[in-house]
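Below: one structure, written as structure tokens.
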Amino acid sequence: MIATSQPSPPPTIHREDYRPPAFLVDSVDLHLALHPAATRVKARLALRRNPAAGPSGTLELDGEALTLLGLRLDGAPLPPDRVRHRADGGLSIDGVPEAFALDSEVEISPAANSELSGLYLSGGNYFTQCEAEGFRRITFFPDRPDVMARYTTTIEADRAACPVLLGNGNPDGAGELPDGRHWARWVDPHPKPSYLFAVVAGDLVAVRDRFTTRSGREVALAIYVRQGDEDACGHAMDSLKRSMAWDEQTYGLEYDLDVFNIAAVSDFNMGAMENKGLNVFNTKYILARPETATDADYEGIETVVSHEYFHNWTGNRVTCRDWFQLSLKEGLTVFRDQHFTADQGSAAVKRLWDVRRLRAAQFPEDAGPMAHPVRPDSYVEINNFYTATVYQKGAEVVRMMRSLIGEADFRRGMDLYIARHDNQAVTIEDFVQAMQDASGVDLARFRRWYAQAGTPELRVRDAFDESSGRYTLTLSQSTPPTPGQPEKLPVPIPVRMGLIGTDGTDGAESPGAATLLLEEAEQDFTFEGLPSKPVPSLLRGFSAPVKLSGLSLEQLGVLAAHDTDPFVRWDSGQQYAVAEMLRLVRDLRAQRPLELPEGLAANIAALLERATDDAAFTAEALALPSEDFVADQMPVADPDAVHAVRQFLRAAIGTRFAGAFAALHAELTDPGPYRIDGMAIGRRALRNACLSYLGRAEQGDGLLRAEAQFNTAGNMTDMLAALRVLADSDSPAREAALARFHATWKRDDLVLDKWFTIQAVSARTDTLQQVQALAGHLDFDLRNPNRVRALVGAFAAGNPAQFHHASGEGYRFLADTVIALDAVNTQVAARMVGPLGQWKRQDAARGTMMRAELQRILERPGLSKGTYEKVSKSLAA
Ligand code: B3K
Ligand code: ZN
């Protein structure tokens, strides 16, 4: 039993308890009179009893932080005895008829809303965020995704403060009002759930463009930003137009309104939000200039802009029945944005990024206290389930389904899914059924991927019979237990594979390339007529989200050097490096001297020989596996030893190959103006990978090079890469560079975030103290989620050696932040708990300290239910 100061634990919601809503809402007529501290919201709802639900005379409305001013049913004031105020802020209204109009008026305070859910102020402008349950902070409503209604929104505000008034759908009139106020009306013709509602009002300027859909609809596009940011919207607009064209070409899906608006805001809980016709974006995923944004930022913009656009069909036109179905829209839409970006440039390198992200965020989640299936069975706070599992693993599951049924049938399945369910709120089961019906492939077993948590482990053994030329591959699988799911069933694992000859010839493929389907706990696959024993190249393209083991160091070396599949080539190199790093950890613990493993050095030499054939790939392949990834392969993590080994290797490789790195660093200097295409990005990535190694080299001019690059860089990618090298070092140039960076960019929030992050992830031993000091810096602000993520998030999730400092000070710092943040923004606070939940992976001393900090958070009176859920589950697991 866990001690808690909560009066009673918040309730758990179970998927099995789903019931259709008792009442449906046909239309919503909203009127918002905006005022910073006292916004008035009038709502007229046309309600009727849901024929699909049992009889009920009680209408349940959700509400939170609302001051009720008036309530009328069919025009008549409701007597107080028919209205019950629920403990959670909602209302229950008894004795309502079959169909009726409900008018309500409430007052809310956007200025007091630091939760950034519902209607809030940022920099004097009004924004909303309603997913998952924010609409109830704007008006009383059955705030659940299976209640889909047509919305008309009238916004009224001071004209000088808010010249721009935006809502969902199409504009439908505007005009003047007395006292310097004005109004605008928006009509959304498409029924939608309340979580897609949005309003934006303020002093913003529009960057405009147009798109003509393939059926000839003219769409006015606009990105609304603060004055001065107009020049930073080009990449976002370009990404939007490419996304619109891609969805037409790839899925036949066209945009369905006359306008598509995006508004950018610097205080935002996540990346962006797909509100119908009015996407709201974190400025991080809109604004980019070469001198302020890195190549990774440009990539992020393309990803998020396309993702939110693709939601217009997968999420908005077809939405979720309940929040357990979240991956219905998120997994599918991540799959679509990944596919889109892959189609724009190098599909192979994009795949490495996506796999790296999955392994960094989702694999640990699947092995930790918050492990849950892609379709969860229960939750306390739904905002805790916008996870890497629902998003990234959800996308992998869609990808596997596509590879099982084939591209053509997948497209037919998408068509069928949309034709069947347009304007409906549906389930993951409906999606899988559409794929099954369109392909004729029985997906009964495949559904386990949605129901079972945990990362399957795929093991390989092989044998070769010289006399017959028969090669046998034995694949087996098991999934470790996760909280609430002690027993696991085998899942169907598509294993795309090939066989590589061992003669060292590049791409010498033995016959037998295929996709194997491992459906049982163990299966043999045989290949006949081979001249010699091949090396199996498995999980090409990362065909399933599993952990592969069983290959020898020698086999990994062959694959890293010779496989024709870029993913396997990269991954085998990474696995090879992991194995060597673990060996060095053992050497370190046994106090044996550390030496650069010759096999690893040979892999690097081979990469450097053809470094510029595909510069982006080489940059990825040169990078050593992250400290977390290596520690995850140990029975008990040892962050100090892993850090020491990784730093040793960076220095040893930097020293051994200093000549080649220096030559490449010089050769790859950007010749012309900054370009954001795959080739130019790849060259910068490789150049900066070389600089990073040179910065660790024992002799030579790495730090001088970094200083020179920092001083002359014409773009943020090169500037930040150089600063990163300096920030890791004891160079006297370090302080000056950091100070200059701050002075140059102190007025640009997004660049200032980078300044915080680069110090938070520094490999220096004084980083913990630096981070503690930065939390007191004038520019640090707990109310700005980007800033919190830039400092505290980056430190706790991106600097394992310092976060797990043996003193426990890193844990204390994180717990202090969570406690302070929980009083400001509960969603961001709950998100920060994650790293403390990994205590089981650490040694006993660290684990005890981590648990003590979790316990300290849990004992805080008035803890939010979201933070409570994360902390209590972390302690219980
Ligand atoms: N659907 C939103 C995420 C909402 C998160 C709410 N806590 C952005 C996206 O996935 O596109
Ligand atoms: Zn999404």
Side-chain angles (χ1 to χ4, degrees), residues 64 113 115-118 120 127-137 143-145 168 192-198 236 239-240 243 247 262-265 267-282 284-286 300-320 322-341 357 361 374 376 379-395 398 425 428 785 789 825-834 864-867 869-870:
E64 197 178 294
N113 184 353
E115 190 65 39
L116 311 186
S117 163
Y120 65 93
F127 296 89
T128 55
Q129 172 55 36
C130 291
E131 189 176 0
E133 298 179 334
F135 191 64
R136 64 187 63 184
R137 294 165 62 85
D143 190 13
R144 43 188 286 171
N168 303 106
K192 67 165 174 287
S194 50
Y195 80 84
L196 291 173
F197 173 82
S239 301
L240 174 61
S243 306
D247 220 12
I262 289 178
V265 54
D267 298 293
F268 203 63
N269 282 350
M270 62 270 172
M273 178 65 212
E274 69 264 24
N275 316 298
K276 185 78 188 189
L278 175 55
N279 286 189
V280 175
F281 268 67
N282 190 323
K284 180 174 165 59
Y285 293 108
I286 291 293
I301 289 169
E302 180 180 280
T303 296
V304 181
V305 168
S306 67
H307 179 97
E308 305 310 332
Y309 176 72
F310 297 147
H311 267 316
N312 190 57
W313 280 97
T314 51
N316 299 5
R317 286 286 289 254
V318 182
T319 198
C320 303
D322 55 71
W323 291 122
F324 296 104
Q325 318 299 328
L326 185 56
S327 197
L328 173 77
K329 73 178 178 83
E330 296 305 347
L332 177 55
T333 304
V334 170
F335 168 75
R336 275 152 54 69
D337 83 53
Q338 291 180 347
H339 184 190
F340 164 72
T341 299
R357 195 170 307 173
V374 173
Y379 62 77
V380 172
E381 167 58 67
I382 184 56
N383 288 307
N384 284 338
F385 286 81
Y386 286 74
T387 57
T389 299
V390 165
Y391 276 65
Q392 266 74 40
K393 186 174 179 182
V398 173
I428 285 173
R789 286 185 282 256
N825 185 328
T826 63
Q827 285 188 38
V828 179
R831 283 207 158 243
M832 290 288 142
V833 173
S864 71
K865 66 174 178 173
T867 301
E869 177 178 35
K870 291 285 279 281

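Counting starts at 1 for both ligands and their atoms, following the listed order.
Looking only at protein heavy atoms, the nearest one to atom 8 (C) of ligand 1 is Ala272 O, 2.9 Å. Among protein heavy atoms, atom 7 (N) of ligand 1 sits closest to Asn383 OD1, 2.8 Å. Here the protein heavy atom with the shortest distance to atom 6 (C) of ligand 1 is Glu131 O, 3.3 Å. Nearest protein neighbour of atom 3 (C) of ligand 1, counting heavy atoms only, is Tyr391 OH, 3.5 Å.
Taking the side chain as every heavy atom from C-beta outward, Thr826 and Glu115 approach each other to under 4.5 Å. Contact annotation: the side chain of Tyr285 never approaches that of Glu308 to less than 4.5 Å [non-hydrogen atoms, C-beta and beyond]. Asp247 is listed as a side-chain neighbour of Arg336, based on a closest heavy-atom distance under 4.5 Å. Residues Glu131 and Glu274 form a side-chain contact, since some pair of their non-hydrogen atoms from C-beta on lies under 4.5 Å apart.
Closest N/O/S atom of His311 to the Zn ion (ligand 2): NE2.
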Subject >> salt bridge (charged side-chain N to carboxylate O under 4.0 Å, His left out) evaluation trace for Glu64 with Arg137 >> reply: CA-CA 5 Å; Glu64 197 178 294; Arg137 294 165 62 85; 2.8 Å; yes
**OP:** Using the side chain to side chain contact (heavy atoms under 4.5 Å, CB included) rule, take Phe340 and Phe310 through it: C-alpha gap first, then chi angles, then the decisive distance, then the call.
**Re:** CA-CA 10 Å; Phe340 164 72; Phe310 297 147; 3.6 Å; yes
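Residue Glu274: no N/O/S atom is found under 2.8 Å from the Zn ion (ligand 2).
For ligand 1, the atoms sitting less than 4.0 Å from at least one non-hydrogen atom of Glu274 are 1 (N), 2 (C), 8 (C), 9 (C), 11 (O), numbered in the order shown with element in parentheses. When each atom of ligand 1 is checked for a heavy atom of Met273 under 4.0 Å away, the hits are 1 (N), 2 (C). Atoms of ligand 1 found under 4.0 Å from any heavy atom of Gln827, numbered from 1 in the order shown, are 7 (N). Near His311, with a cut-off below 4.0 Å to any heavy atom, the atoms of ligand 1 are 9 (C), 10 (O), 11 (O). Those atoms of ligand 1 with a heavy atom of Lys329 less than 4.0 angstrom away are 1 (N).
Rounded to 10°, the angle formed at the Zn ion (ligand 2) by Glu330 OE1 and His307 NE2 is 110°.
Between Tyr386 and the choices Asn384, Thr389, Ile382, the side chain to side chain contact (heavy atoms under 4.5 Å, CB included) rule is met once, by Ile382.
In summary, the aromatic rings of Phe324 and Tyr379 are positioned with their centroids under 6.0 Å apart.
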